[in-house]
Each structure stands twice: as structure tokens, then as C-alpha cells.
Engineer: 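Mind having a look at this structure? Questions to follow.
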Amino acid sequence: MTIDRAALGFGTGERAVYAADPWSSRGRLFAEVSSPTRSDFQRDRDRIVHTTAFRRLKHKTQVFIGTDSDHYRTRLTHTIEVAQIARALARALKLDEDLAEGVALVHDFGHTPFGHTGEDALHDVLKPYGGFDHNAQSLRIVTKLERRYAEFDGLNLTWETLEGLVKHNGPLLTSTGEGTRGPVPKPIRDYCELHDLELDTYASLEAQVAAIADDIAYNTHDIDDGLRSGYLTFEMLEEVPFLAGLMAEVHGLYPGLEASRFTHEITRRQITRMVEDVISVAQERLREITPGCAADVRHADCTIATFSAGMAETDRQIKRLLFSRIYRHPEIMRIRAGAAQIVTDLFQAYMRDPSLMSSHYWVDHIAGLDEPAKARHVGDYLAGMTDTYAVNAHRRLFDRTPDLR
């Protein structure tokens, strides 16, 4: 596929007809007076950046525990990289950049300490009470758990931002009401009873570019961090033809380049090729669908911002490489087991004695709750912890805390 460069939105300030219109938002759950200086999507992005949840991401694991090195990605630096790529894609496709950036910035709010390991452990202990889903938790944070405003809980974000948060990976329901990826988590169902996010349609194109930006970002920086850690080698990258081609290209241009510069030259090319691939596919699908408004994007029968078939296969190959060489490495699995134990131990301790939670708010608000509500309350408390907070909390309560180094 080729890119229609004349159709790109660089520097024009022009917004496509299929872009979300910030001046015609479907509104907020609680009505507010509009700002004379910022669009509603700008205000959403700004509110997201100023949250406690956003700041906590700096001490939450992406892949490698943060204490191992100051240079590994954290959930915060990952989020910033996703937002940068999402904004670049949005600008190229003449979308609303603020909405795309806002969805990218909020998409990982619900992640627990210790990355997906913590999520899996929290899901296991919460299974009798509905389980745990980080996407649903992100929605809980921005609609309930952030307590900053005098007139409402949460951030009171626009319908479009919340839709993007919940549906950035596609519809959650079929047209007949069946779950597309299993049952819809209860927090999402509960919110939709108040403010219907139309779970059977696709999200805006802004949310779609945020979703694919997430894939591009972690595929790239997990390779970078993997090489830094020593779990990956350049020889291992040869297993993926796409990466082998990039390395051959860099070798040809810069023979004998030092390893750190060589790594960067590979990863910057990887991002560029993947971004250009998504733009090319999106342009082609937009020509086929010819959406006349953002609603036409939502009711299309496919994801518009996605990889070509060839790049999708490369994406699968990279993920297989990362799983086999990093995510399932015996040493990483040892650390993951320790992290899971910390989350499980803390949940059980707080369920036995809620007064152990070192916050008056969390202790005071658990009184009188039935068992399922109590478990969800403890789950909210645990999910909000950073890695360091969880480790320190475990050390206060238990004689031995797993070594996560």
C-alpha cells in the first residue's frame, strides 16, 4: 500500500468530516459550562494529566520492575510514548488530536502494580466477586474513584473520551447483545445504564489510532528494554524477518555503529514503518467507506486504523519473540511469582482486617459493605497502588517479602 501524502493533515489545521467534532460533543454526565478558551476534548486531556492516577503511573511496571534500572520504561513513560504516536497518527488523518491524545493518556489508568502480573493476581482473588479488568478499572477511576471536584466524583469526561477508553479495541457487544470478548465487566455495564456508551459500535477514529499506537509503542520499546536487559540479543531479532531487514539496512548505512546507537536506529525505523503502514491502511479504508461524519466511522463494519495483513503478521511475530524471550523467561517468571504473591497476600490481609489499609478514606468507607462490595473496595485500593507502595505495604505486614530484583 502507498500513502496519499496530499491527503495528510500536516500543518493545515483542517479537520476531516469523519473526525470527532470537539464543539459538538455529546456532552458529560453532569452538565458543565463550556470553556471560552479550550474545547471539551482539550479539557478532558488536561483533567487526565492532572490526576493522581496519572502521576502514579511513574511507579507502575511496564515489563521490568522499575528498581532494576532507571532507564526501563514505566507505565507512565509508555503512556507518553503512546500519546505521541497517537497524536502523530491523528494529525496525519486530520482527526481531533486532543481526543486521540486524551484516550491514549487515560488508557492504562486501571493497571495494577506490577503490570499484567498484578492484574492477573487481582483477577484471581476477585473471581468470586466478578473478577478484575484493567479497562473497566480505568472507567471506575475516571467516573468514581478520582475525588477532586466539588460537584461530582471522577473527572466528568465527555462521552467521546469515555467511549474511546472503553471501546478503543473495538465493540464490546454484538448487534444481538452478546459479548464480543466474553461478558462485559460489571463496572462498564453499570456506567452504561447511566450514560450509554453504545457498546455494540466501534469507537471514534481518534480512539482507534490510540489503540494501534499502544501496539506500536510497546512492540518497539519492549525490544529496546529487552536488549538493554540482556534477555534479547541482536541475533534473536533475526528470528523476525522485518527486524532482520531493519538491522541489515542500518548495518549497510552505518557499518560498525555502537550498540546503543544501532538499537535506536532500529527502533526509530520500526516505529516509522508501522505508523506509515497504519496511515496507508486507514486512508484506503476511508476511501472505501467514505464516511461523512464520525457516526459513520462508529457504524462501519471494521476497524479503520489498523495494520495491513503483512504488518499484522510482523506484529504477531514480534509478540511471539517477546513472549518467548522476555515475558516467559524463567527469571522474569520468578519475579512475576513474587509480585503475584504480594498482591494476593495484601488482598487477603485487608479482607481480614480492613483497618490495615493506611488511609482513613479507604477504612472509613468499607464499614457496612456486604462481602462483594467489600472485596471490590479492597480491589480498588490495591489497584491504585504503585509497585513501591505495594512492596512497602507488604513489608509492614509480613515477615518476608519476595525479592523482585
Engineer: Could you state the interatomic distance from CD (Q270) to OG1 (T314), rounded to the nearest 0.5 Å?
Structural biologist: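 Interatomic distance, Q270 CD to T314 OG1, rounded to 0.5 Å: 9.5 Å.
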Engineer: Would T306 and T303 count as having a side-chain donor-acceptor pair, cut-off 3.5 Å?
Structural biologist: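 Judged by distance alone, the side chains do not pair up.
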Engineer: Consider only side-chain N and O atoms of E119 and H116, and report whether a donor and an acceptor are under 3.5 Å apart.
Structural biologist: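 Side chains of E119 and H116: pair found under 3.5 Å.
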Engineer: How long is the straight-line distance from CG of L322 back to CE of M236, given to the nearest 0.5 Å?
Structural biologist: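 Output value for this atom pair is 11.5 Å.
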Engineer: With side chain to side chain donor-acceptor pair (under 3.5 Å) as the criterion, how do D277 and S308 come out once you've worked through the C-alpha distance, each side chain's angles and the decisive distance to 0.1 Å?
Structural biologist: CA-CA 7 Å; D277 182 80; S308 65; 2.7 Å; yes
Engineer: Closer than 3.5 angstrom, by distance alone: can the side chain of E160 be matched with the main-chain N or O of A20 as a donor-acceptor pair?
Structural biologist: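 Flag not set: sc E160 to bb A20 has no pair under 3.5 Å.
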Engineer: Exactly one of D120, L122, T117 should register a side chain to side chain contact (heavy atoms under 4.5 Å, CB included) with T112. Which one does?
Structural biologist: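 With T112 as partner, side chain to side chain contact (heavy atoms under 4.5 Å, CB included) holds for just one option, L122.
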Engineer: Can a donor-acceptor pair be found between the side chains of H71 and D225 at a distance below 3.5 Å?
Structural biologist: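 The criterion, which ignores hydrogens and geometry beyond distance, is not satisfied for D225 and H71.
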Engineer: F262 and F234: aromatic ring centres closer than 6.0 Å?
Structural biologist: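 Yes.
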Engineer: Check whether more than 12 heavy atoms from other residues, nucleotides or ligands sit under 6.0 Å from atom CD of E288, and answer yes or no.
Structural biologist: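 Counting neighbours around CD of E288, more than 12 heavy atoms of other residues, nucleotides or ligands fall under 6.0 Å, so yes.
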Engineer: Check the pair E193, R189 against salt bridge (charged side-chain N to carboxylate O under 4.0 Å, His left out), reporting the backbone distance first and the verdict last.
Structural biologist: CA-CA 7 Å; E193 290 181 3; R189 287 187 281 110; over 6 Å; no
Engineer: Between R43 and E32, does any NZ, NE, NH1 or NH2 come within less than 4.0 Å of an OD or OE carboxylate oxygen?
Structural biologist: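 Looking at E32 and R43, the cut-off is met.
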Engineer: Please report, to 0.1 Å, the donor-acceptor pairs under 3.5 Å made by any side chain of residues 348-357, with sequence neighbours excluded.
Structural biologist:
residue, atom, partner, partner atom, Å
D353, OD1, S355, N, 3.2
D353, OD1, S355, OG, 2.5
D353, OD2, S355, OG, 3.3

Engineer: Quick one: do D387 and K60 make a salt bridge, cutoff under 4.0 Å?
Structural biologist: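 Judged by the 4.0 Å cut-off on N to carboxylate O distance, D387 and K60 do not form a salt bridge.
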Engineer: Can you tell me if K374 has over 12 outside heavy atoms packed within less than 6.0 Å of its NZ?
Structural biologist: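 More than 12 heavy atoms, drawn from other residues, nucleotides or ligands, come within 6.0 Å of this atom.
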Engineer: Of the options L93, L89, I85, which is the one that meets V278 in a side chain to side chain contact (heavy atoms under 4.5 Å, CB included)?
Structural biologist: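 Between V278 and the candidates, side chain to side chain contact (heavy atoms under 4.5 Å, CB included) is satisfied uniquely by L89.
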Engineer: Exactly one of Q317, R325, R320 should register a side chain to side chain donor-acceptor pair (under 3.5 Å) with E239. Which one does?
Structural biologist: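 Exactly one pass, corresponding to R325.
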Engineer: A side-chain contact here means heavy atoms from C-beta on lying under 4.5 Å apart; do C293 and Y18 qualify?
Structural biologist: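 No, every pair of side-chain atoms sits at 4.5 Å or beyond.
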Engineer: Using modelled atom types only, decide if a donor and an acceptor are shared between the side chain of E146 and the backbone of A53 within a distance under 3.5 Å.
Structural biologist: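 It does hold such a pair.
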Engineer: Do R56's NZ or CZ and the ring of F109 fall within the cation-pi criteria of under 6.0 Å and 45°?
Structural biologist: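 Because its charged atom misses either the 6.0 Å distance or the 45° angle limit, R56 does not stack over F109.
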Engineer: Should the ring pair Y389 and Y381 be called parallel, tilted or perpendicular, given that the plane angle runs from 0 to 90° and is split at 30 and 60?
Structural biologist: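 The arrangement is perpendicular - the two ring planes meet at more than 60°.
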Engineer: According to side-chain hydrogen bond (donor to acceptor under 3.5 Å, both in side chains), who are the partners of E331, at least two apart in sequence or on a separate chain?
Structural biologist: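 Testing E331 for side-chain hydrogen bond (donor to acceptor under 3.5 Å, both in side chains), a comparison that skips the adjacent residues, returns R334.
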Engineer: Got T174 and T180 here, is their nearest side-chain heavy-atom distance under 4.5 Å?
Structural biologist: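 T174 reaches T180 side chain to side chain.
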Engineer: Give the ring-plane orientation class for F398 versus H394, where under 30° counts as parallel, over 60° as perpendicular and anything between as tilted.
Structural biologist: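 Parallel.
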Engineer: How many angstroms lie between NE2 in H299 and CG in D200, if you round to the nearest 0.5 Å?
Structural biologist: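 One finds 8.0 Å between NE2 of H299 and CG of D200.
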Engineer: Determine, for R15 against D96, whether the closest basic-nitrogen to carboxylate-oxygen distance falls under 4.0 angstrom.
Structural biologist: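 Salt bridge: yes.
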Engineer: Between D98 and R87, does any NZ, NE, NH1 or NH2 come within less than 4.0 Å of an OD or OE carboxylate oxygen?
Structural biologist: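 Between D98 and R87 there is a salt bridge, with a charged N closer than 4.0 Å to a carboxylate O.
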Engineer: Is the terminal nitrogen or CZ of R336 (NZ for Lys, CZ for Arg) located under 6.0 angstrom from the six-membered ring centre of Y327 and within 45° of that ring's axis?
Structural biologist: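 No; the conditions do not both hold, so R336 does not lie above the ring face of Y327.
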Engineer: Tell me if the NZ atom of K319 is crowded by more than 12 foreign heavy atoms within 6.0 Å.
Structural biologist: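 Yes, enclosed.
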Engineer: Is there a donor-acceptor contact under 3.5 Å from the side chain of K167 to the main chain of E198?
Structural biologist: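 It does hold such a pair.
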Engineer: For R261, look at atom CZ and say whether over 12 heavy atoms of other residues, nucleotides or ligands are found less than 6.0 Å away.
Structural biologist: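 Count not over threshold, so no.
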Engineer: Going by distance alone, is a donor N or O of one side chain under 3.5 Å from an acceptor N or O of the other, for N156 and E151?
Structural biologist: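 No donor-acceptor contact under 3.5 Å links the two side chains.
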Engineer: May I ask you to decide if the ring planes of H111 and H134 are parallel, tilted or perpendicular, using 30° and 60° as cut-offs?
Structural biologist: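 Geometry flag for H134 against H111: parallel rings.
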Engineer: For S34 and D40, work out which heavy atoms get closest and say how close.
Structural biologist: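 Residues S34 and D40, closest heavy atoms: OG-OD1, 4.4 Å.
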Engineer: Assess whether a salt bridge exists between E249 and R273, defined as any Lys/Arg side-chain N lying under 4.0 Å from an Asp/Glu carboxylate O.
Structural biologist: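 Yes, this pair counts.
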Engineer: Compute whether any side-chain donor of one residue and acceptor of the other, for D224 and H221, lie under 3.5 angstrom apart.
Structural biologist: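 Note: D224 and H221 side chains miss the donor-acceptor criterion.
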